[in-house]
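Working notes, structure below.
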Amino acid sequence: MLVPGSAVLRVWLYTPPADMRKSFDGLSALVRQKLAEDPASGQLFVFINRRRTQLKVLYFEQGGYCLWSKRLEAGRFHVDGQGGDRRMLSWTELKLIIEGIDLSSLRRFKRFKKGGNRSLGRPEKV
């Protein structure tokens, strides 16, 4: 089970297919060059192969890089690869992808977001 530290700021999905032969150095170079991010920032970086049967998550903890990998024996990961080279995911979305749930078929309900533009006590204008 993937259990990174509690200080995870963001989860980034690299949407183009990634070469699963890459390990720590290759994936961290991909993060620097293609995503323009610092791989040692504590963020999670998710990579999926062309057939969508393998997934790798690269992240940095206090002692060094960690690489989590999952290969499916049957089925595929369901990820929408449109909209550029990267996509920000929530922790929940990452868990759903790992469990094989298609994010595009989910029905999302309105939720409170801290720091939103909505003020308390006033109805929202539609």
Side-chain angles (χ1 to χ4, degrees):
M1 180 66 188
L2 174 68
V3 187
S6 62
V8 173
L9 302 173
R10 291 188 178 140
V11 179
W12 291 104
L13 171 67
Y14 181 67
T15 55
D19 182 1
M20 289 295 122
R21 294 174 292 182
K22 293 183 181 188
S23 189
F24 301 98
D25 296 329
L27 292 176
S28 62
L30 197 61
V31 169
R32 274 189 221 96
Q33 294 171 0
K34 299 291 184 175
L35 299 178
E37 293 285 341
D38 178 18
S41 64
Q43 301 177 74
L44 272 69
F45 300 97
V46 181
F47 304 92
I48 299 178
N49 68 340
R50 184 174 306 281
R51 293 184 312 176
R52 300 190 185 279
T53 57
Q54 285 185 291
L55 175 138
K56 285 189 178 183
V57 180
L58 177 74
Y59 58 100
F60 191 84
E61 285 190 339
Q62 188 174 355
Y65 285 107
C66 298
L67 188 61
W68 187 86
S69 179
K70 182 170 186 174
R71 184 185 74 192
L72 298 178
E73 295 299 321
R76 298 177 185 271
F77 293 110
H78 298 278
V79 179
D80 182 22
Q82 299 175 0
D85 281 351
R86 67 181 182 171
R87 179 176 158 213
M88 188 165 40
L89 299 174
S90 69
W91 180 250
T92 304
E93 288 173 325
L94 175 59
K95 290 191 294 185
L96 291 174
I97 289 170
I98 291 171
E99 290 300 320
I101 298 172
D102 186 1
L103 298 180
S104 64
S105 66
L106 293 178
R107 183 174 174 199
R108 298 175 192 263
F109 294 93
K110 188 176 187 179
R111 294 285 187 253
F112 173 78
K113 289 186 180 179
K114 187 176 180 180
N117 295 334
R118 192 170 163 218
S119 61
L120 297 174
R122 292 186 173 171
E124 192 173 326
K125 292 183 180 180
V126 180

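Since the model is a prediction, treat every value here as computed from it, not as a measurement. The figures that follow rest on heavy atoms only: side chains count, while hydrogens, waters and symmetry mates do not.
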**Asked** Run the salt bridge (charged side-chain N to carboxylate O under 4.0 Å, His left out) check on E37 and R86 step by step: do they pass?
**Response** CA-CA 11 Å; E37 293 285 341; R86 67 181 182 171; 2.7 Å; yes
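- Follow the hydrophobic side-chain contacts under 4.5 Å out from F24 and you reach L27 in the same cluster.
- Heavy atoms only, all atoms of each residue included: I97 and V79 are closest at CG2-CG2, 3.9 Å.
- Note on K95 versus E93: no salt bridge recorded, every NZ/NE/NH1/NH2 to OD/OE distance being 4.0 Å or above.
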**Worked verdict on V46 versus F77 for side chain to side chain contact (heavy atoms under 4.5 Å, CB included)** = CA-CA 12 Å; V46 181; F77 293 110; over 6 Å; no
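- Between atom CG of residue L58 and atom SG of residue C66 there is a gap of 8.5 Å, rounded to the nearest 0.5 Å.
- Using a 4.5 Å cut-off between side-chain heavy atoms of Ile, Leu, Val, Met, Phe, Trp and Tyr, with links allowed through other members, I101 and L72 fall into the same hydrophobic cluster.
- Listed here is the closest heavy atom pair of R32 and P39: CG-CD, 3.7 Å.
- Partner F47 forms a side-chain contact (heavy atoms from CB on, under 4.5 Å) with one of V57, T15, L30 and no other, that one being L30.
- In the hydrophobic cluster analysis, where Ile, Leu, Val, Met, Phe, Trp and Tyr join through side-chain heavy atoms closer than 4.5 angstrom, M88 is grouped apart from L94.
- Taking CG from L89 and CG from L96, the interatomic distance works out to 10.0 Å, rounded to the nearest 0.5 Å.
- Nearest heavy-atom pair, I48 versus M20, reported as atom, atom and distance to 0.1 Å: C-CE, 3.7 Å.
- Here R10 contributes atom CZ and L44 contributes atom CG; the two are 13.0 Å apart, rounded to the nearest 0.5 Å.
- Taken from CH2 in W12 to CZ in R87, the straight-line distance is 11.5 Å, to the nearest 0.5 Å.
- Residue S28 comes nearest to D25 through the heavy atom pair OG-O, 3.0 Å, listed as atom of the first residue, atom of the second, then distance.
- The same ILVMFWY cluster, assembled from side-chain heavy atoms under 4.5 Å apart, contains both W91 and L103.
- Residues S41 and F45 share a closest heavy-atom pair of OG-CZ, 4.4 Å.
- Note on ring orientation: taking the six-membered ring where Trp is involved, the planes of F60 and Y65 are perpendicular (angle over 60°, cut-offs 30° and 60°).
- When all heavy atoms of N49 and Q54 are compared, the closest pair comes out as OD1-N, 3.0 Å.
- For K56 (side chain) and K22 (main-chain N/O), a donor-acceptor pair under 3.5 Å exists by modelled atom type.
- Annotation: the span from T53 atom OG1 to E73 atom CD amounts to 9.5 Å, rounded to 0.5 Å.
- Within a 6.0 Å radius of NZ in K70, more than 12 heavy atoms belonging to other residues, nucleotides or ligands are found.
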